[in-house]
Amino acid sequence: MPGFYDFAPDDRVAYMIPDEPTRREVLTGIAAASLFSVASLEAESAASPLCFTSAVEMVQLIRAKKLSAREALAAHRKQIDRVNPKVNAIVTLVAELATEAATRADEMQARGEKLGSLHGLPVAHKDLIDTRGIRTTFGSPLFKDYVPTEDDIIVERMRRAGAIIVGKTNTPEFGAGSQTFNTVFGATRNPYDLAKTCGGSSGGAAVALACGMVPVATGSDAGGSLRNPAAFCNIVGFRPSIGRVPNPKAGFGWSTLSTQGCLGRSVADLAHSLSTIAGPDLASPLAINEPGDLFARPLDSSFRGVRVAWFKDLGGVPFDPRVRTIVDAHRATFESLGCIVEQTEPDFSPAEISFRTVRAWTAAANYGKMLQQHPDAFKDTLKDEIQTGMRLSGQDIARAEVAHTLLWRRFQAFLEKYEYFILPTTQLPPFDVNTPYPTEIADVHFDNYIDWMKSCWYISATGNPAASVPAGFTPEGLPVGVQIVGRDKQDFRVLQLAHAFEQATGFGKKHPTVA
């Protein structure tokens with residue numbers, strides 16, 4: 001059952017709690033705390049170069065029979081054994097299932113069968129995403145033994161493309177908040193500084209990629225969950241347009257709050273994965289009627305004369321000076337690519353009404369009955385949000401929808417003049433892993449646990465595609481990301497500029513020492 005922060009309510013199990021452990025016999029995943037044996041800690045002291053080989057190149061090696069699926073899996077398994085105990089990114093490992101799948105993949109290739117675009121690549125799925133026969137907890141003790149009987153569509157599409165599932169990655173409770181911790185598995189740590197958070201809610205996915213534990217990872221994004229952890233972990237994250245990656249099992253089929261997607265160590269890797277999971281679906285009313293293989297095209301493009309809007313302060317949103325300094329310095333980078341850069345921004349104030357209200361309303365729809373039945377099973381921030389949603393009136397919802405429409409029209413009109421809008425992905429660098437959420441930035445105090453991430457959810461409220469790309473490091477060595485927002489449904493153009501920026505700067509080539 002998807003969490004409200006990153007999904008619309010799911011009509012399969014929206015108000016169901018398993019009364020007893022479900023299908024224990026197929027639970028091949030075990031909690032990370034008991035997952036790694038002493039022998040695992042004695043694994044090789046250095047990562048295999050294969051673990052930081054791009055997904056695109058790995059596919060080519062497998063197709064050329066220079067690498068087998070079993071060899072790719074073995075290298076990544078060793079890396080998981082080496083690094084995961086330090087960062088806690090992969091919380092359910094399905095070693096036996098992965099080995100069986102890799103063996104079948106090699107046998108298929110030996111028989112000369114047609115190979116999918118992800119054939120033989122290890123992949124990890126966020127623990128909010130249903131995986132058939134593999135435990136999916138949503139970071140909640142209420143679902144610590146839940147095993148879905150069906151895949152979510154992105155899992156299904158990746159399986160068909162030949163990906164090998166190795167496990168599930170950590171997420172906050174029901175995906176609520178951009179700090180990855182929960183009472184089931186604990187916190188996931190930032191690989192660039194183990195005392196810091198990795199962000200969230202696709203935090204485990206971002207860390208698994210940054211540490212070379214998998215070349216492909218899925219996630220989801222409502223308020224920034226594909227972009228925030230990407231910025232904090234020096235990888236690429238992309239929130240696609242609503243409907244680009246359909247969700248045919250969502251109870252709120254018309255919702256624009258959240259979307260599934262993927263992350264990558266490079267824009268090319270991310271685009272390759274997106275080409276597999278994107279594409280129309282008849283059961284999704286907002287699905288975009290374009291094939292996913294559009295994202296398999298070359299990313300190179302000229303940006304000479306392209307007009308780019310550079311952020312000011314988003315109407316008074318505070319930014320840590322370290323982030324502001326790094327991002328502002330990249331005006332020159334975009335100008336070197338040929339862009340015409342002007343400092344200007346639209347009015348995002350309608351997002352304050354629309355996003356907060358719709359978010360709380362969705363929380364109440366998803367978890368109101370659960371909260372009544374299990375009042376002690378939710379963290380305080382999520383409980384408060386659910387209760388806020390339960391108090392909303394029809395007039396409150398209508399007011400939010402009017403504000404949402406106003407924001408959308410205003411932002412699309414703004415992007416008629418400018419093809420892109422550039423701003424920081426996050427308002428501050430990674431913070432202490434023991435801090436649930438920042439309570440202030442630059443002497444501005446916050447009243448709510450999402451106030452510190454407006455630079456992401458203001459963009460979510462517009463519905464436009466947005467990428468986070470590595471932009472550099474603070475003096476303390478903490479990653480910072482730049483956010484590139486594009487026109488409505490122009491996802492590929494966003495990835496093209498992200499690719500050009502990535503090639504011009506090269507920050508994503510730096511990997512964490514812990515890996």
Rounded distance (nearest 0.5 Å) linking atom [atom1] of [X] with atom [atom2] of [Y]:
X	Y	atom1	atom2	answer
K509	N234	NZ	CG	12.5 Å
F174	L382	CZ	CG	7.5 Å
M453	I441	CE	CD1	11.0 Å
Q260	R244	CD	CZ	15.5 Å
S266	I235	OG	CD1	10.5 Å
L392	W361	CG	CH2	9.5 Å

Distance only, no hydrogens: is a donor on one side chain within 3.5 Å (strictly under) of an acceptor on the other, for [X] and [Y]?
X	Y	value
S460	R227	yes
S241	D491	yes
D127	T137	yes
R493	Q496	yes
N464	Q490	no
T131	T136	yes
S393	Q395	no

Main-chain N/O of [Y] paired to [X] side chain as donor or acceptor, under 3.5 Å:
X	Y	value
H125	V155	no
N228	G200	yes
D313	G315	yes
T426	L428	yes
E385	A363	no
Q179	G199	no
E345	K312	yes
N190	F232	yes
R265	G508	no
T169	A89	no

Taking only distance into account, with no hydrogens and no angle test, what donor-acceptor pairs under 3.5 Å do side-chain atoms of residues 401-408 form with protein atoms, sequence neighbours excluded?
unit_1, atom_1, unit_2, atom_2, d
H404, NE2, A461, O, 2.9
T405, OG1, E401, O, 2.9

I want to check something: taking the side chain as every heavy atom from C-beta on, are [X] and [Y] in contact at a cut-off of under 4.5 Å?
X	Y	result
Y420	F334	no
T344	K417	no
Y192	P512	yes
R189	V207	no
K383	L371	yes
F185	T92	yes
L337	L497	yes
V433	F181	no

Take I340 and V308 through the side chain to side chain contact (heavy atoms under 4.5 Å, CB included) test and state the conclusion after the steps.
CA-CA 6 Å; I340 300 170; V308 169; over 6 Å; no
Residues forming a side chain to side chain contact (heavy atoms under 4.5 Å, CB included) with D193, sequence neighbours excluded
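Per chain and number, D193 pairs via side chain to side chain contact (heavy atoms under 4.5 Å, CB included) with A195, K196, L478.
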Identify, with sequence neighbours excluded, every residue that meets side chain to side chain contact (heavy atoms under 4.5 Å, CB included) alongside P172.
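Only T180, S201, K379 meet the side chain to side chain contact (heavy atoms under 4.5 Å, CB included) criterion with P172.
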Could you tell me if K454 sits above the aromatic ring of F348, with its cationic atom closer than 6.0 Å to the ring centre and no more than 45 degrees from the axis?
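Verdict for F348: no cation-pi partner in K454.
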Check: F311 ring centre within less than 6.0 Å of F319 ring centre
yes
Any idea how [X] and [Y] line up, ring-wise: parallel (<30°), tilted (30 to 60°), or perpendicular (>60°)?
X	Y	result
F355	W457	parallel
Y146	F143	perpendicular
W452	F431	perpendicular
Y449	Y437	perpendicular

Heavy-atom closest contact ([X] atom, [Y] atom, distance):
X	Y	answer
I277	P246	O-CD, 4.3 Å
D152	L128	OD2-O, 4.4 Å
T425	C456	O-SG, 3.3 Å
A230	V236	CB-C, 3.7 Å
P240	V245	CG-CG2, 4.2 Å
V317	L314	CG2-O, 3.5 Å

When you check the gap from the basic side-chain N to the acidic O, do E476 and R322 get nearer than 4.0 Å?
yes
Evaluation steps, side chain to side chain contact (heavy atoms under 4.5 Å, CB included), between F378 and M370:
CA-CA 9 Å; F378 291 80; M370 286 187 201; 3.7 Å; yes
Check side-chain hydrogen bond (donor to acceptor under 3.5 Å, both in side chains) between S349 and all other residues, then give those that pass, not counting sequence neighbours.
D347
For Q503, give me all partners under side-chain hydrogen bond (donor to acceptor under 3.5 Å, both in side chains), at least two apart in sequence or on another chain.
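Per chain and number, Q503 pairs via side-chain hydrogen bond (donor to acceptor under 3.5 Å, both in side chains) with no residue.
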Residues passing the salt bridge (Lys or Arg N to Asp or Glu O under 4.0 Å) test with R356, sequence neighbours excluded, are E352, D451
Is there a side chain to side chain contact (heavy atoms under 4.5 Å, CB included) between D130 and K249 once you walk through the steps?
CA-CA 11 Å; D130 276 359; K249 297 175 183 175; over 6 Å; no
Taking it one step at a time, do V482 and T333 satisfy side chain to side chain contact (heavy atoms under 4.5 Å, CB included)?
CA-CA 12 Å; V482 66; T333 304; over 6 Å; no
Over 12 non-hydrogen atoms of neighbours within 6.0 angstrom of CZ in R409
no
